[in-house]
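Inspection log for the structure reproduced underneath, given as structure tokens.
Quick note: numbers below take in every heavy atom, side chains included, and nothing from hydrogens, waters or symmetry partners.
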Amino acid sequence: MTAATDRPVTAGRLRTAWHAAHAPVAGVPRWARIAAVAIPLAVLPSGLWRLPLAFGHTMGFDAAAPPAERVYILFLSIVSELVAFTAFGLIASWGERVPRWIPVLRGRRVPPLAAIVPASLGAVLLTVLWTFSLAGQLTGTTLQGEPLPGDFPSEQGGWNAALFYACYLPLLLWGPLLAAVTYAYHRRRNGRPEHGTDGSAADRSATAPTGR
């Protein structure tokens, strides 16, 4: 098989994998799908804001970050987006059954609590973390209660502060959105589907035999 014919096959596999990772299973309400999609989008702006710091740009700070800190910033941005992506597991099939490419556990059913407990704890932690963090930045203090340095973006004012807040304020939505998707997952996995969704009680009653 030539390289030219390999490319369509690879593209087809990528499309299949993308669809499997994102496609909601039957019974997921529309609002939960929207919330799951919104989570990575809410996290993305802050990661994009940090990327210039990882490549030596000061972003208004007095000096560029040292090499070790640049690696950490890049790592943090990538991992944050990957963690945000796991919200799709609460609406897609891989949140109910382990994907077949995972050794040992492949194809096994995911116990509901194995997803509900960490997702719930994550929702609470993220809500508290970003609420207190951004509230502190609005008042000019760190999470430890110390004053923010004068070259911190939120302290600079003007466009630097506006851009910083525009990229970081969406993080306030991460915890509440995750809580909403987790609630929908809990109801679906415990036999209480939402009305008006694919495979829901409303849909089944519309197609059930009438006895005539």
Side-chain angles (χ1 to χ4, degrees), residues 6-51 74-127 129-130 167-204:
D6 283 342
R7 283 194 290 270
V9 173
T10 302
R13 289 175 178 173
L14 288 174
R15 282 194 297 269
T16 301
W18 178 269
H19 183 268
H22 295 80
V25 297
V28 176
R30 188 170 183 271
W31 61 263
R33 303 178 201 178
I34 295 173
V37 171
I39 290 173
L41 295 179
V43 177
L44 183 60
S46 59
L48 293 177
W49 185 91
R50 287 190 298 267
L51 282 182
L74 181 61
F75 176 79
L76 175 64
S77 298
I78 295 173
V79 170
S80 295
E81 200 61 33
L82 291 176
V83 172
F85 173 78
T86 61
F88 280 101
L90 298 171
I91 67 168
S93 60
W94 54 278
E96 298 185 5
R97 194 164 296 276
V98 179
R100 301 196 64 82
W101 54 267
I102 296 181
V104 182
L105 298 176
R106 65 184 66 183
R108 294 190 181 183
R109 178 179 177 273
V110 176
L113 288 179
I116 294 170
V117 171
S120 300
L121 292 175
V124 172
L125 177 62
L126 289 166
T127 301
L129 171 65
W130 290 115
C167 291
Y168 270 82
L169 283 176
L171 289 172
L172 291 171
L173 300 175
W174 191 355
L177 287 171
L178 180 58
V181 181
T182 304
Y183 171 72
Y185 179 88
H186 161 71
R187 288 184 60 86
R188 188 176 75 255
R189 293 300 305 275
N190 287 281
R192 287 176 289 186
E194 300 286 337
H195 290 282
T197 62
D198 295 336
S200 69
D203 295 334
R204 286 195 299 270

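Residues A36 and I91 approach most closely at CB-CD1, 3.7 Å, considering heavy atoms. Of all the heavy atoms in A87 and L178, the pair that sits closest is CB-CD1, 4.5 Å. The minimum heavy-atom distance linking A119 with T182 is given by the pair CB-OG1, 3.3 Å. A pairwise comparison of heavy atoms in L177 and A35 identifies CD2-CB, 3.9 Å as the closest pair. Residues I39 and A84 come closest through the heavy atom pair CG2-O, 3.6 Å. Here the shortest heavy-atom pairing between W174 and S80 reads CH2-O, 3.9 Å.
Atom CG of L171 is separated from atom CH2 of W130 by 5.0 Å, given to the nearest 0.5 angstrom.
Using modelled atom types and a 3.5 Å distance limit, the side chains of R188 and Y183 yield no donor-acceptor pair.
Residues W94 and R100 form no side-chain contact, since every pair of their non-hydrogen atoms from C-beta on lies 4.5 Å or further apart. Contact check for H186 versus P112: no side-chain heavy atoms found under the 4.5 Å cut-off. Proximity of L41 to V37: side-chain heavy atoms (C-beta onward) are separated by under 4.5 Å at one or more points. Side-chain contact between L48 and C167 is absent, with no heavy atoms from C-beta onward closer than 4.5 Å. Inter-residue side-chain proximity for S77 and W49 is flagged as unmet; no heavy-atom pair is nearer than 4.5 Å.
R109 places no side-chain N or O within donor-acceptor distance of the main-chain N or O of R97, the cut-off being under 3.5 Å. A distance-only check finds no donor-acceptor pair linking the side chain of R189 to the backbone of A184 [under 3.5 Å]. Listed for the Y185 side chain is a donor-acceptor partner under 3.5 Å among the backbone atoms of G95. At least one donor-acceptor pair under 3.5 Å links the side chain of T86 to the backbone N or O of V83.
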side-chain contact (heavy atoms from CB on, under 4.5 Å) evaluation trace for R50 with Y168:
CA-CA 10 Å; R50 287 190 298 267; Y168 270 82; 3.0 Å; yes
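When each of L90, V28, I34 is paired with V181, the side chain to side chain contact (heavy atoms under 4.5 Å, CB included) condition holds for L90 and for no other.
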